[in-house]
Amino acid sequence: MVDYEVAVIGAGISGIAAVKCFRDKNLSVVCLEKSDDIGGLWNFTENGYGVMRFTHINVSKQNYVFSDFPFSDDVPDFPHHSQLIKYIKDYASHFKLRKHIWTNCMVVNIKQLSNGLWKITFDKGKYNEREGQQSITVRNVSIATGHHSNPHIPKIPGEESYTGMMYHSIRYKCAATSGIPPGKRVLVVGMGNSAVDIADNLVTQGQSHVDISARSPTWVFSPYVLGCPVDHYATRGLYLLPLTIVEKIVQTLICVLLGLPKQWGIYPLSSILRSQPTVSHTLYHHIQRGKISIKPDIASLGPGKKVTFNDGTAAWYDGIILATGYTFGLPFLGKSDREHILTGVNEINLYKNVFSPRFGQSLSFIGFIQPSSGGLVTMSEMQARWVAELVSGNIVLPTPSEMQTSINQDRQWERSWYYNSKRLTVQKIPILYNDELAEMIGCKPNIKKHPTLAWNLMLSVSAFQWRLDGPDKWEGAEEMVRRIKPTPFYHYSTLFVLTLAIFVVLGILKFVFCQLF
């Protein structure tokens with residue numbers, strides 16, 4: 001007996017998108033969420049998993065949005081987490097998704113039965129009030145627990161002799177509740193977005209002097225470039241150029257606007273598009289005022305509060321916050337299944353980051369991907385739409401051997417392009433990735449069909465563009481695509497290039513005409 005066609009694991013932003021896409025196909029679906037509310041990491045709590053008190057999303061709302069449910073106009077380009085969780089809950093209410101979501105359900109085991117169905121066993125009830133285990137049987141499982149599952153806590157030589165406070169950034173909510181008294185000296189380990197946000201908060205609220213131990217120094221972008229959100233430049237038109245040319249253009253522009261990273265004490269390990277950039281409008285400001293300093297990786301800790309760095313220098317810190325990221329965790333899968341999917345630290349063996357060749361469409365993964373620029377939402381939603389089309393029988397997957405060949409080819413390209421880091425094992429370029437899946441679904445924007453939108457489709461960003469055509473298109477998509485204009489830089493520079501090209505062509509034609517006649 002089958003209880004549901006599909007079970008979604010996790011009611012974060014990717015899981016909610018999946019529930020919506022399955023309901024669009026009139027599939028019976030249940031979503032199992034371990035916490036007592038929807039929204040995943042965007043639900044702020046004083047203790048435990050979730051965003052920090054001061055978190056603003058570092059991706060613009062035009063790129064971090066469901067493709068058929070725009071933000072309201074009064075929400076700023078980079079919303080606060082309270083605005084984002086309201087948006088997520090409004091989305092769930094608008095599309096009547098809540099009745100399909102079971103909260104306080106901790107999944108403990110997912111197992112494929114001999115008949116191909118899946119049995120899901122879960123604990124019902126709050127953490128300290130478990131009501132006992134229950135199980136359901138489904139045809140398909142979509143796992144949307146994401147790649148921020150398990151805090152990565154590196155082993156550092158001498159850590160047992162360090163006497164200051166040290167913990168992972170998952171516990172950090174704000175300077176006032178950090179446990180570190182105001183005015184103390186703090187070391188933040190890591191240089192991703194969370195690390196830099198924590199450093200800024202410690203300086204501005206905690207009045208601390210902060211050093212950042214840049215284990216993998218990376219490029220830093222301002223949220224705005226030439227008056228527009230920085231992710232508005234990652235357009236379809238830009239990626240018509242070879243990636244090496246795109247990289248030179250972007251790197252030159254950032255260096256002209258913000259200066260060379262080395263003048264701020266930052267020495268990126270790769271060129272600008274081969275790693276994950278950090279977005280901050282305050283880091284350089286604090287460095288310039290002496291509030292934050294950049295240090296190399298840690299060589300050892302202790303004795304006492306001493307920290308020795310790889311360059312031989314040492315300093316003393318009252319607290320260390322490890323903003324060292326996360327690793328994948330699939331504890332509810334059996335060891336054999338898990339090892340087939342997780343083939344290394346943060347490395348997955350999934351076709352287009354979604355399907356295992358072993359299980360095909362009956363087991364999918366939503367949101368196990370890292371956007372190089374822009375937000376996760378459009379990518380998760382496109383994955384969910386793809387899965388929904390497959391489960392509905394409208395399209396089919398390649399054979400297992402074809403999927404494995406594609407996985408190997410994608411992995412080879414990623415290793416040749418991206419810097420060798422565990423952070424970058426699931427990184428994709430959103431516009432290219434979404435277009436690839438959209439072509440399989442049949443919803444890739446057709447510029448010939450929408451000639452009046454061509455300028456915006458090539459030079460601006462919009463999640464709504466993938467609702468213009470194909471299955472589950474949205475009647476409001478065209479208006480939203482028109483509203484999100486290209487950046488002035490793209491608009492006028494492209495006009496200049498096109499005008500110049502016309503004059504060149506006319507000049508050539510005139511020359512040829514004169515030679516002939």
Query raised in the report: How many angstroms lie between CD1 in Ile366 and OG1 in Thr145, if you round to the nearest 0.5 Å?
Result: 11.0 Å

Report task. Measure from the side-chain N and O atoms of His81 to the backbone N and O of Thr55, and report whether any donor-acceptor pair falls under 3.5 Å. Result -> no

Report task. Check for a donor-acceptor pair, side chain of Gln207 on one end and backbone N or O of Thr204 on the other, with a separation under 3.5 Å. Result -> yes

Query raised in the report: Side-chain contact, heavy-atom cut-off 4.5 Å: Asn434 with Glu381?
Result: no

Report task. May I have the step-by-step check of salt bridge (charged side-chain N to carboxylate O under 4.0 Å, His left out) for Asp231 and Lys61, ending in yes or no? Result -> CA-CA 10 Å; Asp231 52 79; Lys61 69 176 184 179; over 6 Å; no

Query - Val59 to Gly375 - nearest heavy-atom pair and separation - result: CG1-N, 3.4 Å

Requested in this report: Mark yes when over 12 heavy atoms from residues, nucleotides or ligands other than His281 sit less than 6.0 Å from its NE2; otherwise mark no.
Outcome: no

**Report entry** Within-4.5 Å side-chain heavy-atom neighbours: Leu257 and Leu226
**Finding:** yes

Requested in this report: Taking Tyr233 for its side chain and Val225 for its backbone only, find out whether a donor-acceptor pair lies under 3.5 Å.
Outcome: yes

Query raised in the report: Is Tyr172 close to Asn201 at the side-chain level, that is, under 4.5 Å between some pair of heavy atoms?
Result: yes

Report task. For the pair Arg236 (side chain) and Leu457 (backbone), establish whether a donor and an acceptor sit closer than 3.5 Å, ignoring hydrogens and angles. Result -> yes

Query raised in the report: More than 12 foreign heavy atoms under 6.0 Å from CG of Asn420: is that the case here?
Result: no

Query raised in the report: Do the side chain of Arg274 and the main chain of Trp417 share a donor and acceptor less than 3.5 angstrom apart?
Result: yes

Query raised in the report: Does atom NZ of Lys86 have more than 12 heavy-atom neighbours from other groups under 6.0 Å away?
Result: no

Query raised in the report: So, for Lys20 and Arg467, which heavy atoms are closest and what is the spacing to 0.1 Å?
Result: NZ-NH2, 4.1 Å

Query - For Ser392 against Leu27, the heavy-atom pair lying closest together - result: OG-CD1, 3.9 Å

Requested in this report: Rounded to the nearest 0.5 Å, what's the gap from CD on Glu389 to NZ on Lys25? Could you check?
Outcome: 3.5 Å

Query - Parallel, tilted or perpendicular: ring planes of Phe69 versus Tyr91, cut at 30 and 60 degrees - result: perpendicular

Query raised in the report: Distance-only, no hydrogens or angles: does the Glu479 side chain make a donor-acceptor pair with backbone N or O of Gly476 under 3.5 Å?
Result: no

Query raised in the report: How close do Gln62 and His232 get, heavy atom to heavy atom, and via which atoms?
Result: OE1-NE2, 3.1 Å

Query raised in the report: What do the steps show when you test Glu436 against Lys444 for salt bridge (charged side-chain N to carboxylate O under 4.0 Å, His left out), and what is the final call?
Result: CA-CA 8 Å; Glu436 184 178 13; Lys444 182 179 178 180; over 6 Å; no

Requested in this report: Report the relative orientation of the aromatic rings in Tyr284 and Trp264; use parallel for angles under 30°, tilted for 30 to 60°, perpendicular for over 60°.
Outcome: parallel

Report task. Quick one: do Thr452 and Arg482 satisfy side-chain hydrogen bond (donor to acceptor under 3.5 Å, both in side chains)? Show the steps, please. Result -> CA-CA 9 Å; Thr452 61; Arg482 290 188 190 280; 2.9 Å; yes

Report task. Assess whether atom OH of Tyr492 is packed by more than 12 heavy atoms of other residues, nucleotides or ligands within 6.0 Å. Result -> no

Query raised in the report: Taking all non-hydrogen atoms of both residues, which atom of Ile38 and which atom of Ala92 are closest, and how far apart?
Result: CD1-CB, 3.7 Å

**Report entry** is_close_aromatic(Phe66, Trp474), centroid dist under 6.0 Å
**Finding:** no

Report task. Could you tell me how the ring of Phe365 sits relative to the ring of Phe368: parallel (under 30°), tilted (30 to 60°) or perpendicular (over 60°)? Result -> perpendicular

Query raised in the report: Ile13 versus Tyr87: any side-chain heavy-atom pair under 4.5 Å?
Result: no

Requested in this report: Please answer whether the main-chain N or O of Trp413 pairs with a side-chain N or O of Ser416 as donor and acceptor at a distance below 3.5 Å.
Outcome: yes

Query raised in the report: Would the Tyr64 and Phe71 ring centres measure less than 6.0 Å apart?
Result: no

Requested in this report: For the pair Tyr167 (side chain) and Ile170 (backbone), establish whether a donor and an acceptor sit closer than 3.5 Å, ignoring hydrogens and angles.
Outcome: no

Query raised in the report: Can you check whether Ser142 reaches Val387 side chain to side chain, under 4.5 Å on heavy atoms?
Result: yes

Query raised in the report: Just how far is it from atom OG of Ser216 to atom OH of Tyr419, taken to the nearest 0.5 Å?
Result: 5.5 Å

Query raised in the report: Would you call Asp197 and Ser280 a side-chain contact if the rule is heavy atoms closer than 4.5 Å?
Result: no

Query raised in the report: Could you walk me through whether Asp24 and Arg385 pass the salt bridge (charged side-chain N to carboxylate O under 4.0 Å, His left out) check?
Result: CA-CA 9 Å; Asp24 283 346; Arg385 292 177 68 184; over 6 Å; no

Requested in this report: Rounded to the nearest 0.5 Å, what's the gap from NZ on Lys295 to OH on Tyr317? Could you check?
Outcome: 5.0 Å

Query raised in the report: Looking only at heavy atoms, which two atoms of Val51 and Lys173 are closest? And how far apart?
Result: O-NZ, 3.3 Å

**Report entry** Within 45° cone of Tyr433 ring axis and under 6.0 Å: Lys428 NZ or CZ
**Finding:** no

Query raised in the report: Any donor-acceptor pair under 3.5 Å linking the side chain of Asp469 with the backbone of Pro445?
Result: no

Report summary line: Between the NZ atom in Lys485 and the SG atom in Cys228, the distance rounded to the nearest 0.5 Å is 13.0 Å

**Report entry** Any side-chain heavy-atom pair of Asp77 and Tyr224 under 4.5 Å
**Finding:** yes

Query raised in the report: Would you say the side chain of Asp73 lies within less than 4.5 Å of the side chain of Arg483, judging by non-hydrogen atoms?
Result: yes

